[in-house]
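Here's the structure we're looking at; comments come further down.
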Amino acid sequence: MNIQELINTAKWLVANHKGILAMDESFPTCNKRFAKLGIPQTEEYRRAYRELIVTTPGLGEFISGAILFDETIRQKTKDGTPMLKVLTDAGIIPGIKVDLGAKDMAGHSGEKISEGLDGLRDRLIEYYKMGARFAKWRAVLVIGREIPSYACIEANAQALARYAALCQEVGLVPIVEPEVLMDGSHTMERCFEVTEEVLHAVFDQLYTQGVLLEGMILKPNMVLPGLACLKQDSDEAIADATVKCLLRAVPAAVPGITFLSGGQTAELASARLNAMNVRFKSQLPWELSFSYGRALQQPALEIWRGKEAKVLKAQQALYHRAKCNFAARKGIYTAGMEKA
Ligand code: 13P
């Protein structure tokens with residue numbers, strides 16, 4: 001394990017107010033988003049869409065790393081350039097999603113366990129050789145009546161820690177993503193309780209498995225009310241709750257925390273990250289950044305809709321979202337940026 005390489009990569013991913021772009025939707029997720037907009041769900045349309053993203057002019061000004069799906073890391077642009085090379089030429093480090101999806105957990109109705117540990121070492125070695133320098137594994141925790149159970153939290157935390165240890169062995173920085181879903185009518189306070197419990201379990205397992213905290217990135221949810229909760233808290237209240245929860249559970253040795261967007265609108269994801277950095281940036285041991293999927297891509301996808309003539313406009317929308325979140329990291333994002 002090259003400890004210094006891991007530490008350097010992890011630090012680099014959260015340096016200079018840049019953030020990570022998640023563009024690693026699996027076949028079912030990508031196809032579902034395409035279907036909603038009437039875009040054909042074929043390999044060629046997925047390739048064209050990912051080409052649109054990676055060739056966005058200036059993306060590297062705001063984006064430090066991009067998380068790819070296995071299909072994309074092997075694909076090329078129309079002119080034959082590997083997607084990986086386009087990214088590295090733009091100064092963006094390629095990363096790779098390596099879990100094989102959240103599956104129903106046996107004996108635990110409504111709960112999920114992420115799969116993909118079998119054979120993982122060999123897959124990671126291949127991705128490193130291809131040029132990836134970091135990886136992602138997503139665990140999913142659902143809030144409901146009496147769930148998540150401790151059995152689900154512990155099993156997912158252990159899988160995350162085993163994945164992270166394997167990543168570091170081959171030189172990949174693990175992004176550790178325990179996502180407490182926003183779906184449901186639970187309050188922000190309930191999300192706080194669950195997120196705190198999950199993060200404690202995750203860091204307990206990371207410690208047990210000997211994961212180098214300085215060479216990893218945490219990708220958590222923000223502490224939010226459920227999408228169907230009647231009380232929707234202010235951005236400031238969400239910022240306070242999220243930072244309070246993270247301060248209780250995330251060791252200071254971790255270099256960066258990069259939030260997922262999880263179904264928030266693009267504007268809210270920027271405003272809430274901004275509120276955290278305005279209120280706490282100078283007092284925190286870790287960088288607070290973004291690793292958004294939908295909150296960076298959705299406006300661009302809605303413009304593109306599979307039409308070649310819309311590529312430039314869609315790229316401008318992606319560039320704009322990246323710029324807004326770069327500003328949110330500095331605490332200088334304003335609603336006015338959305339009108340420009
Ligand atoms: P969202 O920002 O759309 O939640 O996606 C982030 C991600 O990588 C989920 O695994």
Side-chain angles (χ1 to χ4, degrees), residues 13-14 19-34 36-37 49-50 53 62-73 92-103 112-116 132 134-143 156 159-160 163-164 167 173-184 191 195 198 202 216-224 226-227 238 242 256-273 276 288-302 317-318 321-322 324-325 328-329:
L13 284 169
V14 292
I20 297 170
L21 165 65
M23 49 177 293
D24 60 331
E25 297 80 10
S26 61
F27 294 129
T29 305
C30 186
N31 289 344
K32 213 170 15 178
R33 292 189 190 149
F34 276 16
K36 263 198 187 148
L37 296 170
Y49 177 57
R50 265 72 184 248
I53 294 177
F62 312 122
I63 298 295
S64 56
I67 316 171
L68 306 175
F69 182 54
D70 180 75
E71 180 182 61
T72 318
I73 201 169
I92 298 172
I93 301 184
I96 182 76
K97 169 193 176 73
V98 300
D99 67 81
L100 299 178
K103 307 288 161 61
K112 303 277 181 193
I113 176 76
S114 297
E115 295 187 348
F134 70 101
K136 183 192 99 173
W137 178 290
R138 172 175 178 252
V140 175
L141 290 307
V142 181
I143 298 183
N156 275 295
L160 277 166
Y163 137 84
C167 282
V173 168
I175 295 196
V176 172
E177 180 180 11
E179 175 174 5
V180 177
L181 293 185
M182 284 177 80
D183 301 318
C191 179
T195 303
V198 167
V202 167
M216 63 160 276
I217 302 278
L218 178 72
K219 176 165 175 167
N221 51 283
M222 293 183 194
V223 173
L224 301 167
L227 285 167
I238 285 165
T242 303
I257 296 177
T258 63
F259 293 103
L260 58 96
S261 59
Q264 304 175 69
T265 64
E267 289 81 3
L268 279 176
S270 299
R272 290 165 174 169
L273 178 63
M276 284 182 229
L288 276 190
S289 183
F290 59 93
S291 173
Y292 296 155
R294 281 161 288 180
L296 281 166
Q297 292 182 46
Q298 196 60 26
L301 183 61
E302 286 175 15
L318 173 61
R321 291 268 41 98
C324 286
N325 290 307
R329 283 210 54 191

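Basis for what follows: all heavy atoms, side chains included, without hydrogens, waters or symmetry-related copies. Whatever order the structure lists ligands and atoms in, that order sets their numbers, starting from 1.
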Taking the side chain from Tyr292 and the backbone from Gly19, do they hold a donor-acceptor pair closer than 3.5 Å?
-> no
Taking distance alone, with no angle check, do Arg33 and ligand 1 share an N/O pair under 3.5 Å?
-> no
Check: Asn156 side chain, Lys112 main-chain N or O, donor-acceptor pair, under 3.5 Å = yes
Numbered in order shown, the ligand 1 atoms found under 4.0 Å of a heavy atom of Lys219 are 6 (C), 7 (C), 8 (O)
Ligand 1 versus Arg138, non-hydrogen atoms closer than 4.0 Å: side chain, backbone, both, neither?
-> side chain
Distance, nearest 0.5 Å, that separates CD1 of Ile63 from OG of Ser291 | 9.0 Å
More than 12 non-hydrogen atoms from neighbouring residues, nucleotides or ligands closer than 6.0 Å to NZ on Lys103, yes or no?
-> yes
Hey, is ligand 1 close enough to Glu179 that some N/O pair sits below 3.5 Å?
-> no
If we only count N/O pairs under 3.5 Å, is Ala295 in contact with ligand 1?
-> no
For ligand 1, which atoms, with element, lie under 4.0 Å from some heavy atom of Gly262?
-> 1 (P), 2 (O), 4 (O)
Contact atoms of ligand 1, heavy-atom distance to Tyr292 under 4.0 Å = 2 (O)
Among non-hydrogen protein atoms, atom 9 (C) of ligand 1 lies closest to Glu177 OE2, 3.2 Å
Counting from 1 in the order shown, the ligand 1 atoms closer than 4.0 Å to a non-hydrogen atom of Ala22 are 8 (O)
Single hit among Met222, Lys219, Gln264 for side chain to side chain contact (heavy atoms under 4.5 Å, CB included) with Phe259 | Met222
Per-residue contact class, Ser261 against ligand 1 - non-hydrogen pairs under 4.0 Å | both
Atom 5 (O) of ligand 1: the protein heavy-atom neighbour that sits closest, reported with distance to 0.1 Å = Gly293 N, 3.6 Å
How many angstroms lie between CG in Leu296 and SG in Cys324, if you round to the nearest 0.5 Å?
-> 10.0 Å
Are any of the heavy atoms in Lys136 under 4.0 Å away from ligand 1?
-> yes
Taking Gln297 for the side chain and Ala22 for the main chain, is one N or O donor matched with an acceptor at less than 3.5 Å?
-> yes
Given Asp70, Asp99, Asp24, the one that forms salt bridge (charged side-chain N to carboxylate O under 4.0 Å, His left out) with Lys136 | Asp24
